[in-house]
Amino acid sequence: MKISRITIAASAALAAIMWTGCAGDKNATAPEEQPNYVDIKTMTDLSEYFKYSPDRGTVISGHRGGMVTGYPENSIESFEKTLSLMPSFFEIDPRLTADSVIVLMHDAKLDRTTTGKGRVGDYTYKELQQFNLVDREGNVTPYKIPTLEECIAWSQGKCVLNLDIKDVPTKTMTDFLKKQGVANVIYTVWRPDQVLEYLKADPNATFSIWCRQPEELDAYDAAGIPWERVMVGYVGATMDQAKQRLYDGLHERGVMCMISVAPTHDVCLNNDCKVEGYKTEFETFMRPDIVETDYPYLFMRLDQEKAPIERKL
């Protein structure tokens, strides 16, 4: 596996020194030795990318693909912009058009993130191309709604994609991914039965699972899911010492613990407030292995390296 600076701490430290522009400015200058690509060709590469280690730096995931001013969510242009600044992988949202093309769109309706109106599923893919994507601040961009096929093709040799599937049926999605024949895409699932359903349809499937309570970990065990296929465990919005058994259990099974700050610190009104909130997550009793955020580039301001003394093993 060819990795371009997969260690987040080293990249963040370099970026903090070199990138002095205003965070969020689409004209900001990217650090040297960019972009931060990772080349995942096999399942072994994928497992290595998500390999848990108590001393590994915190990995950042771009929620809805991440965003910067001028770069809207769920767009290839935003992925590329983020990787020009720092390493990341991307959670994205597949949804079906009226003619069964899989596109990236979080909401069922176009209204919030595009210049269009109405439901995504009421338009053909060709019809959707009349609209432009809109960034988080409401700025109309020149970018169009991408297909998942375009996104996967772009991602080869560059990053991992985590699919938070909206309205795409299991068979439709698994048939599509089997045809793509790539190793850098994982499925988000919420329950043990979904893991088994996807594996029945796609024996090569790998996963990011929702596992927010110790009892949910027990349920996955009881279902007999193959833990070697689980790369990420989403454990909630923060690390909670009362759930130590959950974190230890996931780590023992080789699974990285991910929190999401999208519903918490990401909603602060300014970047300084967001960053101060992110810092609190790094100062908890156990620093998260992965942080999912709408704004990956803001983590360039932070030292993401884990000091072993901070970890409770």
Side-chain angles (χ1 to χ4, degrees), residues 8-9 46-47 49-64 88-91 160 162-164 186-196 198 206-268 274-296 298-299 302-313:
I8 302 294
L46 186 70
S47 296
Y49 178 80
F50 285 112
K51 185 177 182 180
Y52 166 69
S53 168
D55 301 325
R56 183 178 176 182
T58 300
V59 175
I60 302 302
S61 169
H63 181 238
R64 304 184 193 175
S88 183
F89 72 98
F90 300 106
E91 181 262 4
V160 173
N162 177 14
L163 306 186
D164 188 359
I186 65 178
Y187 298 93
T188 285
V189 295
W190 295 268
R191 305 181 310 273
D193 63 291
Q194 290 180 302
V195 176
L196 299 177
Y198 274 107
T206 51
F207 303 95
S208 170
I209 64 170
W210 278 46
C211 192
R212 295 163 295 171
Q213 302 292 336
E215 293 76 17
E216 293 177 354
L217 179 67
D218 297 338
Y220 283 106
D221 275 338
I225 69 161
W227 285 105
E228 67 273 12
R229 296 303 182 88
V230 178
M231 306 293 121
V232 178
Y234 170 63
V235 297
T238 191
M239 304 295 282
D240 180 352
Q241 194 160 9
K243 298 179 183 178
Q244 180 77 58
R245 180 170 79 84
L246 169 63
Y247 312 140
D248 288 347
L250 287 169
H251 288 159
E252 288 166 4
R253 291 158 178 79
V255 179
M256 300 180 79
C257 295
M258 179 175 76
I259 68 167
S260 177
V261 296
T264 56
H265 309 303
D266 278 353
V267 302
C268 280
K274 292 180 178 69
V275 172
E276 286 304 310
Y278 305 154
K279 286 180 182 178
T280 66
E281 302 303 334
F282 284 179
E283 295 167 356
T284 59
F285 82 104
M286 176 180 281
R287 184 177 288 197
D289 305 317
I290 303 172
V291 176
E292 180 183 81
T293 173
D294 289 348
Y295 307 103
L298 289 178
F299 281 79
L302 303 178
D303 178 6
Q304 291 145 250
E305 187 173 7
K306 291 178 184 174
I309 194 171
E310 294 180 90
R311 306 286 299 181
K312 202 170 183 179
L313 303 179

For this session: Kindly indicate, with the supporting measurements, whether the criterion side-chain contact (heavy atoms from CB on, under 4.5 Å) is fulfilled by Val59 and Asp289.
Result: CA-CA 6 Å; Val59 175; Asp289 305 317; over 6 Å; no
Seminar exercise, completed: Taken in chain and number order and not counting sequence neighbours, the residues that satisfy ring-ring contact (aromatic ring centres under 6.0 Å, His included) with Tyr278 are Phe299
Seminar exercise, completed: Sorted by chain and residue number, the side-chain contact (heavy atoms from CB on, under 4.5 Å) partners of Lys51 (sequence neighbours excluded) come out as Glu48
For this session: With sequence neighbours excluded, give me every side chain to side chain donor-acceptor pair (under 3.5 Å) pair touching residues 253-264.
Result: Asp221-Arg253, Ser260-Glu292
For this session: Would you mind telling me which of Asp266, Asn162, Asp294 makes a side-chain hydrogen bond (donor to acceptor under 3.5 Å, both in side chains) with His63?
Result: Asp294
For this session: Quick one: list whatever passes side chain to side chain donor-acceptor pair (under 3.5 Å) with Thr280, sequence neighbours left out.
Result: none
For this session: Measure across Gly249 and Leu217 and return the closest heavy-atom pair with its distance rounded to 0.1 Å.
Result: CA-CD2, 3.8 Å
Exercise. side-chain contact (heavy atoms from CB on, under 4.5 Å) with Glu281: which residues, sequence neighbours excluded?
Worked result: Thr238, Ile259, Val261, His265, Thr284
Problem set entry | Over all atoms of both residues, closest heavy-atom pair of Ala223 and Leu196 | O-CD1, 3.9 Å
Exercise. How about Ser47 and Met231: do any of their side-chain heavy atoms sit closer than 4.5 Å?
Worked result: yes
Exercise. Is there a side-chain contact (heavy atoms from CB on, under 4.5 Å) between Leu250 and Tyr52 once you walk through the steps?
Worked result: CA-CA 9 Å; Leu250 287 169; Tyr52 166 69; over 6 Å; no
Exercise. With a 4.5 Å limit on heavy-atom distance, are the side chains of Gln244 and Phe285 in contact?
Worked result: yes
For this session: Check side chain to side chain donor-acceptor pair (under 3.5 Å) between Tyr295 and all other residues, then give those that pass, not counting sequence neighbours.
Result: Arg136
For this session: Apply side-chain contact (heavy atoms from CB on, under 4.5 Å) to Arg229 and list each qualifying residue two or more places apart in sequence or on a separate chain.
Result: Met43, Leu199, Thr206, Phe207, Pro226
Seminar exercise, completed: Tyr247 meets the ring-ring contact (aromatic ring centres under 6.0 Å, His included) criterion, sequence neighbours left out, with none
Exercise. Can you name the residues that form a side chain to side chain donor-acceptor pair (under 3.5 Å) with Glu228, not counting sequence neighbours?
Worked result: none
For this session: Check whether any side-chain N or O of Glu91 sits under 3.5 Å from a backbone N or O of Arg64 as a donor-acceptor pair, and report yes or no.
Result: yes
For this session: Kindly determine whether Lys243 and Val235 satisfy side-chain contact (heavy atoms from CB on, under 4.5 Å), including the steps that lead there.
Result: CA-CA 9 Å; Lys243 298 179 183 178; Val235 297; over 6 Å; no
Problem set entry | side chain to side chain donor-acceptor pair (under 3.5 Å) contacts in which one or both residues fall within residues 209-218, not counting sequence neighbours | Asp218-Arg245
For this session: Can you see which heavy atom on Gly62 is nearest to which on Pro296, and at what distance?
Result: CA-CG, 3.6 Å
Exercise. ring-ring contact (aromatic ring centres under 6.0 Å, His included) with Phe50: which residues, sequence neighbours excluded?
Worked result: Phe89
For this session: Using side-chain contact (heavy atoms from CB on, under 4.5 Å) as the criterion, list what pairs up with Glu252, not counting sequence neighbours.
Result: Asp248
Exercise. Minimum heavy-atom separation for Ser61 to Ile290, with atom names?
Worked result: CB-CG2, 4.2 Å
